[in-house]
Each structure stands twice: as C-alpha cells, then as structure tokens.
Amino acid sequence: MGIRTCKRELALALVMALTLSGCASTAPQGFYQTKQPVPDADIINTSHQAAEALIQKSVGELNASKPLLAASFANIDNLEQTSSFGRIISQQFATAFSDRGFTLVEMLLRKDVYIKQQGGEFLLSREVIALSEVHNAPVVIVGTYAVGKNSVFITAKIIDVQESTVIAAHDYQLPLGPDTKHLLKPDKQ
C-alpha cells in the first residue's frame, strides 16, 4: 500500500467521522436520553379549582340551604366502573363545595357508581334519585373520566335531579403521573 492510498483512506475516514459527528449534532434534543417520568399535578388543588369553576358557573342556580349529593366519578368507557381516582375526585369536589358553605350528603360507598348508561345517554341511577328524595337534595355532582396516553380527562357536572338537566359543567385534565396512574386502577369485581 502506497503513501498515496493511505492518504486517500485517511481522508475518507476523516470525512466519514465529520459526517457522523454532524449527524449526531442534528439529532433532536433528548433523543439519546431516557424519557423522564411524567410528574403528578397537584390533584387536590386542581379538583378544588374545578369545583370552584362549577360553583361560579351555577351562581343563582344553587341553593346553599339545600343539601347536595356528590357521586363517585365514573370511567367513561364503563360507567359501571370507578376507581380510587373516581372516589377521591368526588370527595375533593365535596370538600370544595363544603368549604363554600354547601351541605353535602355523604355517599361514600366503596363500589357503587351513581351514573349508568342506557341507549347512549347517561342517566342517574335509581339509588341517586331515591337518595335525593330522602335527603331533599335536588342537586347531584357527577363526573366521568377518560384515560389518554399522557393525561386523564375529567368532566364534572352539577345536575338537577328532578329535571334531569345540567346546571353547570366543567372539563379539565391531569397528567398521568405515578400517583394518578395508581389511583386509576379499576376496582376488582
């Protein structure tokens, strides 16, 4: 092998090295790094803010002297299913309403979900209607959640039980951090 061939191979190796280093510098930032876990949001504060939004949207429609029911939030893909997430969100809404002077009827039952689906429509269960009548609570706070790839999407509503109408509704989302994922595990049947 002559000096001329060595110089050509050395030049070719140098060009390839520069080309490869140029490719590495154009890779997207974080491309070679491991993905960091998504942090949880402040679930309590976010729920309280969402409840406050419902209260603001229903000004003049709610009577603080009449008790409210707060039902467990249900999985939108199976309205007969809830989770620790659905129950704790409901309880956090109840706390926010209570802090604003509303009276709430305690409905913390471990496996009962208070919304059902019939013919594509969401209806209050007979238990909610019966409890509403027994406790003279004309309004119920209900909600659903849907789990996406990176977030859980929540819809909360205040419903007039007698009229079956929505008084107010509010949508929000939370990132799927480790606590949220854990709370979303469905109840075992």
Side-chain angles (χ1 to χ4, degrees), residues 40-147 151-175 179-180 182-184 186-187:
D40 280 299
D42 182 345
I43 297 172
I44 297 169
N45 189 46
T46 305
S47 294
H48 289 183
Q49 288 174 356
E52 183 61 34
L54 276 182
I55 292 168
Q56 292 303 315
K57 290 176 180 181
S58 60
V59 168
E61 298 287 329
L62 294 180
N63 182 345
S65 67
K66 295 276 187 181
L68 302 169
L69 301 174
S72 296
F73 284 30
N75 181 339
I76 193 72
D77 294 323
N78 181 355
L79 293 172
E80 295 179 4
Q81 180 186 71
T82 192
S83 60
S84 295
F85 180 83
R87 286 186 297 278
I88 197 63
I89 295 296
S90 169
Q91 291 296 297
Q92 291 166 353
F93 270 71
T95 298
F97 273 79
S98 178
D99 287 349
R100 288 292 304 271
F102 291 93
T103 303
L104 282 105
V105 176
E106 180 59 59
M107 289 181 36
L108 186 61
L109 301 174
R110 300 308 290 173
K111 296 205 183 239
D112 292 285
V113 178
Y114 299 101
I115 305 174
K116 63 180 180 176
Q117 188 170 8
Q118 181 177 345
E121 294 182 21
F122 303 133
L123 303 171
L124 295 175
S125 69
R126 283 188 218 122
E127 297 94 301
V128 170
I129 294 169
L131 282 170
S132 170
E133 290 171 359
V134 167
H135 295 286
N136 193 26
V139 174
V140 63
I141 303 164
V142 299
T144 55
Y145 58 86
V147 182
S151 300
V152 58
F153 300 89
I154 303 115
T155 296
K157 296 179 181 179
I158 299 175
I159 297 179
D160 180 313
V161 176
Q162 299 303 316
E163 302 294 324
S164 294
T165 57
V166 176
I167 295 171
H170 183 73
D171 299 318
Y172 67 104
Q173 73 184 61
L174 292 167
D179 284 340
T180 304
H182 184 76
L183 290 169
L184 282 164
D187 291 338

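In this text, all values refer to a predicted model and were calculated from it rather than measured experimentally.
Remark: His170 NE2 to Gln49 CD distance equals 8.5 Å, nearest 0.5 Å. Here the straight-line distance linking atom CD1 of Ile141 with atom NZ of Lys157 works out to 14.0 Å at 0.5 Å rounding. Interatomic distance, Leu62 CG to Asp160 CG, rounded to the nearest 0.5 Å: 9.5 Å. Annotation: the span from Ile167 atom CD1 to Leu54 atom CG amounts to 10.0 Å, rounded to 0.5 Å. Distance CG/Asn136 to OG1/Thr103: 11.5 Å, rounded to 0.5 Å. Between the OG atom in Ser84 and the CG atom in Leu184 there is a gap of 9.0 Å [rounded to 0.5 Å].
Shortest non-hydrogen contact noted between Val139 and Ile158 is CG1-CG2, 3.0 Å. What you find for Ala94 and Leu104 is that their closest heavy atoms are O-CD1, 3.5 Å. Residues Ile76 and Ala146 share a closest heavy-atom pair of CG2-CB, 3.4 Å. When every heavy atom of Pro67 is checked against every heavy atom of Val105, the shortest pair comes out as CB-CG2, 3.8 Å. A pairwise comparison of heavy atoms in Ala169 and Lys57 identifies O-NZ, 2.9 Å as the closest pair. When every heavy atom of Ala71 is checked against every heavy atom of Ser90, the shortest pair comes out as O-OG, 2.9 Å.
By the side chain to side chain donor-acceptor pair (under 3.5 Å) test, Ser47 pairs with Gln92, sequence neighbours left out. With sequence neighbours left out, the side chain to side chain donor-acceptor pair (under 3.5 Å) criterion links Asn78 to no other residue. Considering only residues two or more places apart in sequence or on other chains, Ser151 meets the side chain to side chain contact (heavy atoms under 4.5 Å, CB included) condition with Phe153, Gln173.
Side-chain atoms of Thr46 come within 3.5 Å of backbone N or O of Asp42 as a donor-acceptor pair.
Taking 4.5 Å as the limit, some side-chain heavy atom of Glu52 sits within range of a side-chain heavy atom of Ile55. Within the 4.5 Å cutoff, the side chain of Tyr145 has no heavy atoms near those of the Leu174 side chain.
Between the side chains of Asp40 and Thr180, at least one donor-acceptor pair of N or O atoms lies under 3.5 Å.
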- Task: Any chance you could lay out the side-chain contact (heavy atoms from CB on, under 4.5 Å) test for Ile44 and Ile88, step after step, and finish with the verdict?
- Result: CA-CA 9 Å; Ile44 297 169; Ile88 197 63; over 6 Å; no

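Taking the six-membered ring for Trp and thresholds of 30 and 60 degrees, Phe73 and Phe93 have ring planes inclined between 30 and 60 degrees apart.
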